[in-house]
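What follows is a single structure, written as structure tokens, with notes after it.
Fair warning: this is a prediction, and the values are worked out from it, not measured in the lab.
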Amino acid sequence: MNYTMDFTPVIDGLPNLLAACLGTFTLAICGMLLATVIGIGGVVLRQSPIKFLRWLVIGFVELIRNTPFLVQIFFIYFALPLAGIRLDPTPTAIIALGINGGAYAIEIIRGGVQSIPKGQMEAGLALGLHKAQVFRLIILKPALRAIYPSLTSQFVLLTLSTSIASAISAYELTSVSQRIESESFRSFEVYFTVTAFYLVISWVMMRIFALFSSRYFSYPVK
């Protein structure tokens with residue numbers, strides 16, 4: 001089998017691939033922000049004295065964690081329009097990423113919150129702080145510090161999951177690479193390059209998370 005590699009289509013499509021990398025970053029960052037909001041909100045509801053709210057969060061987590069992400073994104077994009085809810089591919093991808101990542105974030109953050117001794121909460125209440133202040137100032141930050149490596153690892157996986165959004169033609173790296181491959185039939189060259197791009201994207205995300213950790217979650221050193 002004689003195969004001559006030709007990266008010309010990749011080079012010609014490089015501006016589109018770089019722009020698609022920005023699209024991937026946009027989907028990932030927006031999905032992470034939504035997942036963080038869902039994660040923190042879910043933990044608050046999970047600790048609610050109202051049993052219905054606790055079971056609602058438990059059901060949500062089990063539903064999302066035990067169904068494929070591709071099915072979830074298809075449900076939002078293809079099934080919700082039957083209920084009158086129509087979304088473009090990019091908002092659909094962001095919402096699906098946020099919901100999927102949020103379900104995992106709830107359990108990760110909940111584990112961090114449960115690792116905080118109850119005595120710290122009682123001390124905060126004894127100082128006259130409201131429960132919301134105790135949660136925000138005394139519980140949440142130490143909990144996030146404890147689970148930060150696990151949470152950021154999950155967010156890196158979420159970044160790579162943006163490739164599944166190509167199934168609904170959201171503007172991101174995989175969908176653009178599929179277009180270039182279908183026009184040039186240079187599968188090896190295109191997907192070899194895309195693999196390298198995803199490695200770089202993952203490395204950049206990990207560096208950003210490391211800088212964020214050193215800025216906000218490192219312990220003070222004398």
Side-chain angles (χ1 to χ4, degrees), residues 13 16-110 113 132 135-136 140 151-183 194 197-198 201-202 205:
N16 291 329
L17 290 173
L18 293 175
C21 287
L22 293 178
T24 294
F25 272 114
T26 300
L27 291 181
I29 292 173
C30 292
M32 290 175 204
L33 292 174
L34 180 57
T36 303
V37 172
I38 292 174
I40 296 175
V43 170
V44 173
L45 295 179
R46 185 72 169 78
Q47 296 181 323
S48 171
I50 303 175
K51 189 175 182 180
F52 170 76
L53 294 178
R54 296 199 304 270
W55 281 105
L56 185 65
V57 174
I58 293 172
F60 167 77
V61 170
E62 293 301 318
L63 174 65
I64 299 302
R65 292 176 65 185
N66 292 288
T67 54
F69 178 60
L70 183 61
V71 173
Q72 297 166 15
I73 201 170
F74 276 171
F75 180 84
I76 296 173
Y77 190 68
F78 293 112
L80 288 186
L82 299 178
I85 303 174
R86 299 181 182 275
L87 298 171
D88 291 333
T90 296
T92 298
I94 291 172
I95 292 172
L97 288 166
I99 291 175
N100 186 270
Y104 289 92
I106 287 173
E107 290 302 291
I108 294 172
I109 297 173
R110 186 170 71 90
V113 169
F135 181 81
R136 181 172 61 88
L140 185 58
L151 189 62
T152 53
S153 295
Q154 185 61 43
F155 283 165
V156 171
L157 290 176
L158 192 70
T159 301
L160 299 178
S161 296
T162 58
S163 61
I164 300 178
S166 63
I168 58 171
S169 300
Y171 186 74
E172 49 80 47
L173 184 57
T174 299
S175 63
V176 172
S177 66
Q178 288 174 338
R179 194 177 311 130
I180 295 174
E181 189 274 336
S182 66
E183 294 172 354
V194 169
F197 278 158
Y198 275 116
I201 289 172
S202 297
M205 294 301 294

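- Put simply, the side chain of I85 does not reach to within 4.5 Å of the side chain of P81, judged on heavy atoms.
- Between R65 and Y104 there is a side-chain heavy-atom pair separated by less than 4.5 Å.
- Taking both residues in full, the closest heavy atoms of V194 and S177 are given as CG2-CB, 3.3 Å, listed atom of the first, atom of the second, then distance.
- Here the closest heavy-atom approach between residue T162 and residue L27 is recorded as CG2-CB, 4.0 Å.
- The heavy-atom pair separating R54 from L45 by the smallest distance is CG-O, 3.8 Å.
- The structure places CG of L80 at 5.0 Å from CZ of F75, a figure rounded to the nearest 0.5 Å.
- Scanning all heavy atoms of the two residues, the minimum distance from G102 to I38 falls at CA-CG2, 3.8 Å.
- Interatomic distance, T152 OG1 to L158 CG, rounded to the nearest 0.5 Å: 12.0 Å.
- Using a 4.5 Å cut-off on side-chain heavy atoms (C-beta onward), F74 and I168 make contact.
- Interatomic distance, S161 OG to L70 CG, rounded to the nearest 0.5 Å: 11.0 Å.
- Between C21 and I201, the closest side-chain pair of non-hydrogen atoms falls below 4.5 Å.
- N66 places a side-chain N or O within 3.5 Å of a backbone atom of E62 that can act as its donor or acceptor partner.
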For I95 and I76: C-alpha separation, side-chain torsions, deciding distance, then whether side chain to side chain contact (heavy atoms under 4.5 Å, CB included) applies. CA-CA 9 Å; I95 292 172; I76 296 173; 4.1 Å; yes

After noting the C-alpha distance and the side-chain angles of S163 and L173, does the key distance pass the side chain to side chain contact (heavy atoms under 4.5 Å, CB included) rule? CA-CA 7 Å; S163 61; L173 184 57; over 6 Å; no

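- Contact of the V113 side chain with the Q47 side chain is registered, since non-hydrogen atoms from C-beta on lie closer than 4.5 Å.
- Closest non-hydrogen pair, A170 versus A93, comes out as CB-CB, 4.2 Å.
- T67 and Q72 are linked by a side-chain donor-acceptor pair at a separation below 3.5 angstrom, with hydrogens and angles left out of the test.
- Expressed to the nearest 0.5 Å, how far CD1 of I73 lies from CD1 of I94 amounts to 10.5 Å.
- In this model, no donor atom of one side chain and acceptor atom of the other lie less than 3.5 Å apart for Y171 and T24.
- Shown here for G39 and I109, the closest heavy-atom pair between the two residues is C-CD1, 3.9 Å.
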Under the criterion side chain to side chain contact (heavy atoms under 4.5 Å, CB included), I'd like the reasoning laid out for Q154 against M32: C-alpha separation, chi angles, the key distance, then a yes or no. CA-CA 10 Å; Q154 185 61 43; M32 290 175 204; over 6 Å; no

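- Counting heavy atoms from C-beta on, the side chains of E183 and Q178 never come closer than 4.5 Å.
- The side-chain heavy atoms of Y77 and L87, taken from C-beta on, include no pair separated by under 4.5 Å.
- Shown here is R86, whose CZ atom has no more than 12 heavy atoms of other residues, nucleotides or ligands within 6.0 Å.
- Atoms CD1 and CG, on I58 and L53 in that order, are 11.0 Å from each other to the nearest 0.5 Å.
- By the 4.5 Å heavy-atom criterion applied to side chains, F60 and L56 are not counted as neighbours.
- Here T159 contributes atom OG1 and Y198 contributes atom OH; the two are 10.0 Å apart, rounded to the nearest 0.5 Å.
- Other residues, nucleotides and ligands contribute more than 12 heavy atoms inside 6.0 Å of the CZ atom of F78.
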Would you please test F69 and I64 for side chain to side chain contact (heavy atoms under 4.5 Å, CB included) and show each step? CA-CA 8 Å; F69 178 60; I64 299 302; over 6 Å; no

